[in-house]
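Everything on this sheet refers to the single structure shown next.
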Amino acid sequence: MNKQIRIWPQRTQRLKSKKKRKISALSAVKFNSPIFVIMILAALALSLTLMMPRLAAAAPASEPIAARNGRFTLQITPTATITPTATLTPTATATATASNTPQPTNAPIILTAIEPGRMSTETGGTLTVYGNNFQPGSVIRVVGYGVLQTTYVNNEVLTGVVPPGLALGRYNIQVGLGAQDGPNKVLEGVFEIYGPTPTAAPTQTPSPTPTNVYVFGQPQIAIQSARTSPTNLTPGQPFELTLELANRGNWTAIDIELELQSADLAIPATGSSVQILPRIGVEEVVTTTLSLVLRDNAASGPQNLVFNIDFFDINGRDYNTQPAVGLNIGQGATATPTPGPAEPRLVLTTYEVDPAALQPGTRFELKLLIANVGDETAEDVLLTLGGSGGAQLTPFALVNSGNVRFIEELVADGMMEVVVTMLVDGTAASGVYNLPLDFSYGNSDRTDAQVVNLLVEKAPQLQVGFYRSTGPGFVGQPLDLPVEVVNIGRSLINVSTLTITSPGGTVENNSIYIGPLDGGTSGSLDGLIVPEAGGPLEINVTVNYLDDFNQPQLFEETLTVQVEGPDEPGEVGLEGEDGLVVDGETAVPPEEESFGQLLWRFIRGLLGLGS
């Protein structure tokens with residue numbers, strides 16, 4: 001044990017000295033060797049290079065990146081040249097792709113016609129423009145006035161409201177897309193604004209209503225001319241019939257359907273007997289050709305080939321007319337030239353309507369002037385109104401009689417008058433109605449058909465008055481005139497202006513544009529007048545409107561307001577120059593009493609003797 005004690009300190013001392021040398025050597029390497037410093041810096045740079053992508057992706061762009069290795073800490077602040085900031089390639093690619101896509105282009109606008117071509121400055125009205133390639137948002141512009149309130153009907157039709165008050169003259173009509181970019185088109189000098197038209201004085205003697213009636217505010221299709229090829233026709237022979245159809249109305253006709261009314265005289269050579277024409281404008285003429293074959297039993301001489309024409313206007317109202325074309329038919333090659341049998345033939349020459357203006361609910365007389373243009377007396381003739389069973393009488397009704405009239409006899413070249421009392425249905429709409437007339441004979445197998453055109457116009461149901469009490473007026477003081485017009489009917493009325501005037505003074509703010517009024521709606525005007533004299537003051541109210549045939553009309557009403565005048569001299573209670581006026585006579589004022597007279601009256605009053 002003593003040996004161990006002696007040896008242990010020495011060993012310990014050697015170990016300690018050895019450790020010190022080792023530490024001092026290591027310290028010399030750490031702190032004094034430049035090679036060691038370079039190695040540490042190289043290792044640090046390598047580690048930062050490997051960690052940089054992950055650090056840059058994880059850290060926000062605005063925060064510095066701290067990298068530690070032992071005793072050293074390195075902070076790196078990202079600059080603007082970071083890869084995510086520079087990744088603009090997708091945006092550039094998208095822009096290039098969009099720029100290569102062609103932009104849609106608008107088809108050019110085509111304008112073909114307008115209607116009406118003339119309009120009154122007093123009433124204004126609805127302007128219709130026809131063409132193609134119209135779009136929702138297309139507007140009508142009256143060059144020199146401005147853009148109209150436009151309604152897009154379809155790609156071929158636009159309508160616009162022309163207000164009253166435009167200056168007289170001719171205007172260009174332009175159609176475009178308003179404030180949007182797009183095509184536009186102009187028709188030059190096609191629209192005219194005209195002034196008031198004087199009203200003709202009514203005649204005392206009624207004149208017969210012609211069979212061919214020109215009706216305003218609707219299309220009117222007529223066969224202007226017809227020709228056949230060949231000119232001379234024979235039974236059983238094919239031929240071509242060329243017709244020129246003209247629109248004599250002042251609205252465009254659309255979807256015109258032309259067909260043979262009967263196959264008794266001719267039949268189609270090929271195909272159908274119906275011809276469809278898409279459109280005929282105002283004063284436009286359209287030519288169409290029919291390939292037909294005459295019947296083998298067609299009678300020789302002049303014959304009527306009757307057509308049935310159905311058509312519409314742009315508002316969807318339907319119309320019908322039944323014109324006839326004369327054909328000159330000769331004898332066939334194998335026919336024996338024998339004279340035909342003598343036959344009667346009744347035609348309607350003229351007709352009259354009394355009263356001339358028919359309205360829903362009107363009772364009227366229809367006078368028919370009938371002539372026998374045949375070469376034989378017409379016997380036991382039955383005149384049927386409204387077709388078989390009266391099926392085509394609507395909207396008319398016969399009063400106290402049936403729809404069949406009996407004519408006992410009418411000699412050749414003779415004439416007679418038939419009077420029928422009828423009633424218009426109270427719910428009838430405005431329009432032109434065809435009333436068919438059929439003649440059948442007791443001494444002949446032939447039948448003849450005629451048509452009467454009757455015009456029904458529905459009058460507006462307007463009520464004019466004050467929408468609040470005006471109270472009594474006073475001479476020289478302003479008086480309010482709160483005038484209102486109410487549509488008490490069920491149909492829309494196209495009102496243009498409401499105007500008030502008075503013979504008793506000048507009315508201020510006396511006119512206003514109202515516009516269309518539906519049933520139960522109203523328009524008002526607040527006028528102002530200064531009465532010039534006392535007594536009843538007449539207020540004349542005028543409503544300008546367009547009827548169902550697009551013609552300007554007037555509705556007039558007179559209202560009365562009581563005006564109190566200033567007090568006149570000589571009335572009770574007024575003081576004149578010579579004294580007090582009492583009951584129209586001047587009373588002399590009493591003289592002033594003296595003191596003695598007043599004292600004496602006082603004493604007499606005390607004694608009861610009167611004052």
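- Here the straight-line distance linking atom CG of N487 with atom CD1 of I493 works out to 3.5 Å at 0.5 Å rounding.
- For the atom pair CG of L410 and CG of D380, the computed distance is 12.5 Å after rounding to the nearest 0.5 Å.
- For the residue pair S225/E244, the side-chain donor-acceptor check at 3.5 Å is satisfied.
- A donor-acceptor pair under 3.5 Å links the side-chain atoms of N434 to the main chain of N320, judged by distance alone.
- Summarising the geometry of V162 relative to F191, their closest heavy-atom pair is CG2-CZ, 4.3 Å, with the distance given to 0.1 Å.
- The shortest heavy-atom contact between I173 and L111 is O-CD1, 4.2 Å.
- The OG1 atom of T384 lies 11.5 Å from the CD atom of Q392; values are rounded to the nearest 0.5 Å.
- Counting heavy atoms from C-beta outward, N494 and T126 have side chains that approach closer than 4.5 Å.
- The local environment of CG in N297 is crowded, with over 12 non-hydrogen atoms from other residues, nucleotides or ligands closer than 6.0 Å.
- Side-chain contact between L385 and F396 is absent, with no heavy atoms from C-beta onward closer than 4.5 Å.
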Could you check E557 against L462 for side-chain contact (heavy atoms from CB on, under 4.5 Å), going step by step and ending with a plain yes or no?
CA-CA 10 Å; E557 187 74 26; L462 296 175; over 6 Å; no
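- Nearest heavy-atom pair across Y433 and T394 is CD2-O, 4.3 Å.
- Using a 4.5 Å heavy-atom cutoff, the side chains of T128 and T252 are not in contact.
- Ring geometry for Y319 against F311 counts as parallel: the plane angle stays under 30°, on a 0 to 90° scale with 60° as the upper cut.
- Side-chain atoms of E259 do not come within 3.5 Å of backbone N or O of D310 as any donor-acceptor pair.
- Using a 4.5 Å heavy-atom threshold, the side chains of Y351 and V418 count as separate.
- In summary, the side chains of S444 and E376 do not present any donor paired with an acceptor at a separation below 3.5 Å, with no hydrogens or angles considered.
- Closest approach of V175 to F134, counting heavy atoms only: CG1-CE2, 3.9 Å.
- With hydrogens and angles ignored, the 3.5 Å screen pairs no side-chain donor or acceptor of N308 with any backbone N or O of L260.
- We find the OG1-CG distance between T350 and L369 to be 4.0 Å, quoted to the nearest 0.5 Å.
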So E257 and V274, side-chain contact (heavy atoms from CB on, under 4.5 Å) or not? Walk me through it.
CA-CA 7 Å; E257 183 177 298; V274 179; 3.5 Å; yes
Pair up each side-chain donor or acceptor in residues 149-160 with any protein partner under 3.5 Å, not counting sequence neighbours, and list the distances.
{"residue": "T150", "atom": "OG1", "partner": "I140", "partner atom": "N", "Å": "3.0"}
{"residue": "T150", "atom": "OG1", "partner": "L148", "partner atom": "O", "Å": "2.9"}
{"residue": "Y152", "atom": "OH", "partner": "N155", "partner atom": "N", "Å": "3.3"}
{"residue": "N154", "atom": "OD1", "partner": "E156", "partner atom": "N", "Å": "2.8"}
{"residue": "N154", "atom": "OD1", "partner": "V157", "partner atom": "N", "Å": "3.0"}

In sequence, state the C-alpha distance, the side-chain angles, and the governing distance for L294 and T234, and then conclude on side-chain contact (heavy atoms from CB on, under 4.5 Å).
CA-CA 7 Å; L294 278 177; T234 58; 5.8 Å; no
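- The OG1 atom of T349 lies 8.5 Å from the CD1 atom of I370; values are rounded to the nearest 0.5 Å.
- N550 is listed as a side-chain neighbour of P116, based on a closest heavy-atom distance under 4.5 Å.
- Counting only heavy atoms from C-beta outward, the side chains of P460 and Q553 never approach each other to under 4.5 Å.
- With hydrogens and angles disregarded, no donor-acceptor distance shorter than 3.5 Å links the side chain of D354 to the backbone of E365.
- The two residues V456 and A429 have their closest heavy-atom pair at CG1-O, 4.1 Å.
- Within a 6.0 Å radius of CZ in R363, other residues, nucleotides and ligands contribute 12 heavy atoms or fewer.
- Rounding to the nearest 0.5 Å gives a distance of 9.0 Å between CD1 of I256 and CD1 of I276.
- Looking at S229, its side chain never comes within 3.5 Å of a backbone N or O of E240 through a donor-acceptor pair.
- K185 is not listed as a side-chain neighbour of I110, based on a closest heavy-atom distance of 4.5 Å or more.
- Pairing each heavy atom of Q220 with each of N247, the nearest pair is N-OD1, 3.1 Å.
- The backbone N or O of A324 lies less than 3.5 Å from no partner atom in the side chain of N304, so there is not a single donor-acceptor pair.
- Applying the side chain to side chain donor-acceptor pair (under 3.5 Å) definition to pairs two or more places apart or across chains, those involving residues 401-422 are S401-R405.
- Side-chain N or O atoms of N172 include one that pairs as donor or acceptor with a backbone N or O of G189 at under 3.5 Å.
- In this structure the side chain of F312 reaches within 4.5 angstrom of the side chain of I254, judged on heavy atoms.
- The closest donor-acceptor contact from the side chain of Q303 to the backbone of L265 lies at 3.5 Å or more, if one exists at all.
- R295 places a side-chain N or O within donor-acceptor distance of the main-chain N or O of A263, the cut-off being under 3.5 Å.
- A donor-acceptor pair is defined here as one N or O able to donate and one able to accept, closer than 3.5 Å; no such pair exists between the side chain of T288 and the backbone of L243.
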V451 and L435: CA distance, side-chain angles, deciding distance, side-chain contact (heavy atoms from CB on, under 4.5 Å) verdict:
CA-CA 6 Å; V451 175; L435 179 64; over 6 Å; no
